Amino acid sequence: VQLQAYGGGLVQAGGSLRVSCAASGRAFSSYAMAWFRQAPGKDREFVAAIGWNTGSTYYADSVKGRFTISRDNAKSTLYLQINSLKPEDTAVYYCAADRYGRARSWPDEYDYWGQGTLVTVSS
């Protein structure tokens, strides 16, 4: 599967943004999906994951209550709604797919990655 993340941009603190990830291939609906992010000078970190059937979602403590992960299997698209943005949310956001459907927080368990989309939050 090929993943294409898009929708990033420059947003003021307190604002909202939705980033998306378009997937090619027929197996999207059977994959667990996740968002990770990497800020300048920092390691890539887990943000959120969603199971193949959309019923199970998981979030990093730092984004709970502000971020919402969702997916539309009919459109082969993954979403991340980001609210109440903070300057520390500035990062490149990557989508990733796990063909075994585990929806965990370890990057090594994801088989496919998008190229990332930059979110910049100004204070």
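Keep in mind it's a predicted model, so treat the numbers as computed, not measured.
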Sequence neighbours excluded, the answer for side-chain contact (heavy atoms from CB on, under 4.5 Å) partners of A32 is D98, A103
S29 meets the side-chain contact (heavy atoms from CB on, under 4.5 Å) criterion, sequence neighbours left out, with N73
| query | Short question: side chain of T90, backbone of T120 - any donor-acceptor pair under 3.5 Å? | reply | no
Test item: Y58 and I69 side chains (from C-beta on) under 4.5 Å apart, heavy atoms: no
Common cluster, Y94/V121, ILVMFWY with side-chain heavy-atom separation under 4.5 Å: no
All heavy atoms of Y31 vs all of R71, minimum pair found to be O-NH1, 2.7 Å
Residues passing the ring-ring contact (aromatic ring centres under 6.0 Å, His included) test with F36, sequence neighbours excluded, are F46, Y110, W113
Residues passing the side chain to side chain donor-acceptor pair (under 3.5 Å) test with E45, sequence neighbours excluded, are R37
Check step by step if side-chain contact (heavy atoms from CB on, under 4.5 Å) holds for L17 and V119. CA-CA 9 Å; L17 191 68; V119 174; 3.8 Å; yes
In terms of heavy-atom contacts, A23 and L3 come closest through CB-CD2, 3.6 Å
Residues T117 and G8: closest non-hydrogen pair is OG1-N, 2.9 Å
Residues 74-86 vs side-chain hydrogen bond (donor to acceptor under 3.5 Å, both in side chains), sequence neighbours excluded, gives S16-N83, Q81-N83
Sorted by chain and number, sequence neighbours left out, side chain to side chain donor-acceptor pair (under 3.5 Å) with D61 holds for K64
Taken to the nearest 0.5 Å, the spacing of Y93 OH from L118 CG works out to 9.5 Å
Residue set satisfying side-chain contact (heavy atoms from CB on, under 4.5 Å) with E109, at least two apart, ordered chain then number -> R102, R104, W106
Rounded to the nearest 0.5 Å, the OG atom of S20 sits from the CG atom of L80 at a distance of 9.0 Å
Distance col, row S123:OG vs L85:CG, nearest 0.5 angstrom, shows 12.5 Å
Nearest heavy-atom contact between V1 and A97 is CG1-CB, 4.3 Å
Rounding to 0.5 Å, atoms OG (S70) and CD1 (I50) come to a distance of 6.0 Å
For W35 and C21: C-alpha separation, side-chain torsions, deciding distance, then whether side-chain contact (heavy atoms from CB on, under 4.5 Å) applies. CA-CA 9 Å; W35 288 98; C21 175; 3.8 Å; yes
Is the count of non-hydrogen atoms from other residues, nucleotides or ligands lying under 6.0 Å from Q2 atom CD greater than 12?
-> no
Sorted by chain and number, sequence neighbours left out, side chain to side chain donor-acceptor pair (under 3.5 Å) with Q115 holds for none
Shortest non-hydrogen pair, S122 vs L10, comes out as CB-CD1, 4.3 Å
K42 meets the salt bridge (charged side-chain N to carboxylate O under 4.0 Å, His left out) criterion, sequence neighbours left out, with none
Under a side-chain separation threshold of 4.5 Å, the hydrophobic residues clustered together with Y6 are none
Report task. Establish, yes or no, whether the cationic atom of R66 lies under 6.0 Å from the six-membered ring centre of Y59 and within 45° of the ring axis. Result -> no
Sorted by chain and residue number, the salt bridge (charged side-chain N to carboxylate O under 4.0 Å, His left out) partners of R44 (sequence neighbours excluded) come out as none
Interatomic distance, CG@N53 vs OG@S30, rounded to 0.5 Å, equals 11.5 Å
task = Report yes or no: do V92 and M33 belong to one cluster of Ile/Leu/Val/Met/Phe/Trp/Tyr joined by side chain heavy-atom distances under 4.5 Å?
result = no
Residues 4-25 vs salt bridge (Lys or Arg N to Asp or Glu O under 4.0 Å), sequence neighbours excluded, gives none
